[in-house]
Amino acid sequence: MKLLLTGGAGYIGSHTALLLLQRGYDVIIYDSFVNSSYKVINAIKSYLDADGIDYKLKTIKGDIRDKSSLDKIFKDSIKEGNAIHAVIHFAGLKSVSESVKYPLNYWDVNVCGTKNLLEIMKENECYSMVFSSSATIYGLTNSVPISEDQKISPINPYGKTKVAIENMLCDLFKSNMNKWKICSLRYFNPVGAHPSGLIGEDPIGIPSNLFPYITQVAIRRINLLKVFGDNWDTEDGSGVRDYIHIMDLSEGHIDAIGFLMSKESIYEVINLGSGKGYSVFQMIREFELSTGCEIPFLIEARRDGDVANNFADISKAENLLGWSPKRSLKQICIDGWNWQRNNPQGYT
Ligand code: NAD
Ligand code: UFG
């Protein structure tokens, strides 16, 4: 089966691409490389080559806003007699703070880019998509665990673009309920790395998320961690989140593709998380215990837009996809540290 992975060179896309290739899928990665490095492609290839796996991977540099370039990919595949069955749509911009500064760019890339892609899919009769949505769309909800029917209330432009895309996908499905098969996966906090240490997360500049910040403190690229508040209404006063191992998350995409292929037509929104909440202090402790690295930290004021407690109800993913996360917080720390230690400067 042939799959197009937009944004397939990024953090989540690269881990999913590797798994798909290992499992015999034919993969085309389409990425502008605006937030990724070509080195990730070489890392994927070298892992598969070392494993003696016969794989079919094509990488194309391009922007999802470029319709003719997208159209050519679908048409070329049809001409080769090996049409694209489905798209996993990872491509997009994902920084909350950047989206506040440059909202039009976020609406253009995320929303207009997705609209272009859907138009080209329709023209080429490819009707299946797995979309990367985000738990950010639940906003400041305090009712945990968060299930898919909880109120959607995004508080930043990034989250608003994800809601707009989900609405567009739902409308498209309703316009032709015999054809479209669409699944929006609402990710919680993807963290960690491939166990080989060959691919991992490589944020540009100073990380804004907790886990890559911790690994960069551990490798001493950053002096100390700032803990944003120790007076939240949680067990130890620090913020609680749902950290999911990137390999568990990647497996969720393969199950989502299998789920779509088993249906005549479908539209679903599904949470992907670990289903467990861990606090910042628990995360620091687990990282120190699992890796032997000390993480010096300082308590700072709360960060704007943060919530106390946020973790997923994952029963829908378990029931519909037959998926469940298998890896522990300890495994997250070991694999994340392995990647950072092997690649102190990431891909650069
Ligand atoms: P990432 O930035 O590592 O990957 C996104 C990829 O898309 C990058 O390789 C980038 O170069 C590419 N890209 C960006 N704009 C493009 C364009 N116009 N045309 C083609 N390619 C383009 O991000 P990620 O963490 O892998 O996230 C993947 C998806 O999952 C994103 O849509 C993101 O919003 C969503 N998501 C991520 C998280 C997270 O915490 N990582 C959480 C929830 C949702
Ligand atoms: N935190 C710190 N110090 C840091 C970074 C984070 O104490 O340097 C704390 C935060 O206050 C929060 C927890 O660590 O309590 C997790 O913060 P992250 O920034 O890692 O994750 P968030 O849940 O706040 O946000 C992330 C993405 C959002 C996405 C959301 C759900 O940044 O875009 O996960 O998917 F919407």
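Owing to the predicted nature of the structure, the values given are computational and were not obtained by experimental measurement. Read the numbers this way: they start at 1 and go in the same order the structure lists the ligands and their atoms. As a basis for the values below, the full set of heavy atoms in this structure was taken, side chains included, without hydrogen atoms, waters or symmetry mates.
Ranking the protein heavy atoms by distance from atom 18 (N) of ligand 1 puts D63 OD1, 3.0 Å first. In this structure, atom 29 (C) of ligand 1 lies nearest to the protein heavy atom F90 O, 3.2 Å. Closest to atom 19 (N) of ligand 1 among all protein heavy atoms lies I64 N, 2.9 Å. What sits closest to atom 24 (P) of ligand 1 on the protein, heavy atoms only, is K94 NZ, 3.8 Å. Nearest protein heavy-atom contact of atom 26 (O) of ligand 1 is I12 N, 2.8 Å.
For an aromatic pair to be called close, the ring centres must be under 6.0 Å apart, and F297 with F281 satisfies this.
Below 3.5 Å of separation, one finds no N or O of V96 facing any N or O of ligand 2. Taking distance alone, with nitrogen or oxygen atoms compared against 3.5 Å, N209 approaches ligand 2 more closely than that limit. Not one N or O of Y213 is nearer than 3.5 Å to an N or O of ligand 2, by distance alone. The shortest N/O to N/O separation between T136 and ligand 2 does not fall below 3.5 Å. Close N/O approach between V34 and ligand 1 is found [any backbone or side-chain N/O within under 3.5 Å]. Below 3.5 Å of separation, one finds an N or O of Y158 facing an N or O of ligand 1. Of the N or O atoms in F228, one or more lie within a sub-3.5 Å distance of an N or O in ligand 2. Looking at N189 next to ligand 2, an N or O pair under 3.5 Å apart turns up.
By the 4.0 Å heavy-atom criterion, W232 is excluded from the residues contacting ligand 2. By the 4.0 Å heavy-atom criterion, Y243 is counted among the residues contacting ligand 2.
Contacts between K162 and ligand 1 below 4.0 angstrom, taking non-hydrogen atoms only, involve the side chain exclusively. Contacts between N35 and ligand 1, counted as non-hydrogen atom pairs separated by less than 4.0 Å, involve both the backbone and the side chain.
When only modelled atom types and interatomic distance are considered, Y347 and S36 share no side-chain donor-acceptor pair under 3.5 Å. Defined by atom type and a distance below 3.5 Å, a donor-acceptor pair is present between the side-chain atoms of E98 and Y106.
Among all heavy-atom pairs drawn from Y267 and S184, the shortest one is OH-OG, 4.0 Å.
Those atoms of ligand 1 with a heavy atom of G62 less than 4.0 angstrom away are 19 (N), 20 (C).
Around atom 44 (C) of ligand 1, the closest heavy atom drawn from S14, S32, S132, S133 belongs to S133. Of the listed residues (F188, F297, Y138), the one carrying the non-hydrogen atom nearest atom 35 (O) of ligand 2 is F188.
For the pair R186 and E148, the salt-bridge criterion is not met [side-chain N within less than 4.0 Å of a carboxylate O]. Residues D108 and R65 are paired through a salt bridge, judged by an N-O separation under 4.0 Å between the basic side chain and the carboxylate.
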